[in-house]
Amino acid sequence: AMQALGSYKGGRMLFLGLGTGLGSAMVVDSLVEPMELAHLPYKNGRTYEDYVGLRGLKRLGKKRWHRQVATVVELLKAALEPDDVVIGGANAFTGGFRLWQDT
């Protein structure tokens, strides 16, 4: 939540933290709302975390994992309609995102 708030520039921002699992928060009008998107069902009986967390990275390999992260970002953007999406967390560097921000 603190990394999300530190990245906030206004409006509605979705923060996704790629690490051991998947951290998530929405920041709206400077208010942080931690979310548990990681545990929502995604596909093949697995959760979002199973695809974009560390388990997904190990199971899929870097290239396929990177594509899954991009797909998950697009799905969550469509569902939550943020103005910005910020990707952070330890594995953001692994995926080449480096605190990626989409405006």
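Worth knowing before you read on, the calculation uses all heavy atoms, side chains too, and leaves out hydrogens, waters and symmetry mates. None of these values were measured; they are calculated from a predicted model.
Listed by chain and residue number, D50 satisfy the side chain to side chain donor-acceptor pair (under 3.5 Å) test with T47 (two or more places apart in sequence, or in another chain). Qualifying ring pair (Phe, Tyr, Trp, His ring centres under 6.0 Å) partners for Y42, counting only residues two or more places apart in sequence or in other chains: Y48, Y51.
A distance of 13.5 Å separates OG in S30 from NZ in K9, rounded to the nearest 0.5 Å. Here the NZ atom belonging to K43 is positioned 6.5 Å from the OG1 atom belonging to T71, to the nearest 0.5 angstrom.
The shortest heavy-atom contact between K77 and P82 is O-CD, 3.5 Å.
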Pair up each side-chain donor or acceptor in residues 11-29 with any protein partner under 3.5 Å, not counting sequence neighbours, and list the distances.
unit_1	atom_1	unit_2	atom_2	d
R12	NE	E81	O	3.3
R12	NH2	L80	O	2.6
S24	OG	M35	O	3.1
S24	OG	L37	N	3.3

Inset, instruction - Go through the steps for R55 and R46 under the test side-chain contact (heavy atoms from CB on, under 4.5 Å), then give the verdict. - result: CA-CA 11 Å; R55 286 188 308 264; R46 296 179 189 217; over 6 Å; no
